[in-house]
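Indexing begins at 1, ligand by ligand and atom by atom, following the structure's order.
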Amino acid sequence: MIPRMSATSDLLSRSLSAVWHPCTQMKRHESLPLVPIARGEGVWLYDLDGKRYLDTVSSWWVNLFGHCNPRINAAITDQLGKLEHVMLAGFTHEPVVQLSERLRELAPAGLGHCFFGSDGASATEIALKMSAHYWRNNSKPQKNQFLSLQNSYHGETLGALSVTDVALFRDAYGVLIKQNATVPSPDWRNAAGGESAEAFALRCADALETHLQQHHEHIAAFIVEPLIQGAAGMAMYHPAYLGTARKLCTQYGVHLIADEIAVGMGRTGTLFACEQANIRPDFLLLSKGITGGYLPLSVVMATDNIFQAFYADETARGFLHSHSYTGNPLACRAALATLDIFAQDDVLKANRAKAAFFNRIAQPLREHPAVRNFRNTGMVWALEVETPHADFAQRCFSLGLQHELLLRPMGNTVYFMPPYVIGEDELRLLVDRTLKVIDTLK
Ligand SMILES: *Cc1c(COP(=O)(O)O)cnc(C)c1O
């Protein structure tokens, strides 16, 4: 009989030998063990020994309605018995059509056409290519530069990195990347003393205007993460920035790309973050939560005007991007089941109540002497911890696991982005245990 502990250590050593883990210095795992997960249920992940962890980050921001959700499971299982996949060039199927129609109904009016990819970075690539190709088809090939915010994150393929401003992800690959400009981020933590988040957002929008005035003839698109810059450390900003950005982009003939890969699907309190600024972007990007965190899928929604610029007799005027798994039926069914849950359970309303509850019970966190900038938008919370530990993120992760929490801080920023099915008892546990972790590391 092999004891259970050895099943765990066996899996860990095989993983370290055969699997190259993402965003990881593999050598670090000489001292920091991997966490072997056997199963998930709701907000909980269970390791091989049956120990549980509260998934406070929704497994890298993808999960919405818990692990092993019975309704999403049933939809995928049903689809498995019908059609697992078919190429989308020259063919079509009910799930991809339904999903496109439903997204068109739900999104800001005018985003009538869905192009499908399999991950967020590809959605960024597709939108950048479409934007530049649009201008080429409209006899303005010189509009081929892109603009993004400081500290922006839009994915890590080479094109996406060209509009990503996180040094860690970019520096090693700088020579491979097209150089695009950035403009100041409206992240309110950078506001002057006494300046409101809104006033600061508008001041940053002035900088955007100055840049567009000077460079619009060469800029195809401005890409933003609406309301929350996730990888920048959950930097939050006032929706007034988006309203002004929309006006300026229209005025200067520049596409506005809303990267809602992380913030779409209800994360910020509305189904799409853009709704809070009452704007319609030219491109809307979705991934992560679109399948409830089940399967890789991304969508680029484009306006009718953009679609029409490609509609012609010549092949080369058409949009040229082929991808094997485009519009995969299983992933589309998972997305349709996810949209069903939104509709059937009035999820956005339930989330408002949950967020209000959490903000009440999180008072001790907000007021903790080592905590700075406690902030919340929808179902995202973040705070900075004043700590003497340079390796705070790693310590916090390890200590969190001991307290049944999956915490994955960015630097000294601790954030919560839980699945929407989290209950009041679990939110209480989250506050209590996080306080213990911070008290140890402050
Ligand atoms: C995660 C993310 C991406 C990239 O998505 P991947 O599926 O990881 O490639 C792009 N933009 C934003 C805002 C994201 O949070």
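- Protein residues with any heavy atom under 4.0 Å from ligand 1: Trp61, Asp119, Gly120, Ala121, Tyr153, His154, Gly155, Glu225, Asp259, Ile261, Ala262, Lys288.
- Ring-plane geometry between Tyr241 and Phe222 is classed as perpendicular, the angle between the planes exceeding 60 degrees on a 0 to 90 degree scale with a lower cut at 30.
- Ring pair Phe65/Phe342 is perpendicular by interplanar angle, where above 60° counts as perpendicular and below 30° as parallel.
- A salt bridge links Glu384 to Arg189: at least one charged side-chain nitrogen sits closer than 4.0 Å to a carboxylate oxygen.
- With no hydrogens or angles considered, a side-chain donor-acceptor pair links Asn359 and Trp381 at under 3.5 Å.
- Asn63 and Ser59 share no donor-acceptor pair across their side chains, judged by distance under 3.5 Å alone.
- Checked by atom type and distance alone, the side chain of Thr124 pairs as donor or acceptor with a backbone atom of His154 at under 3.5 Å.
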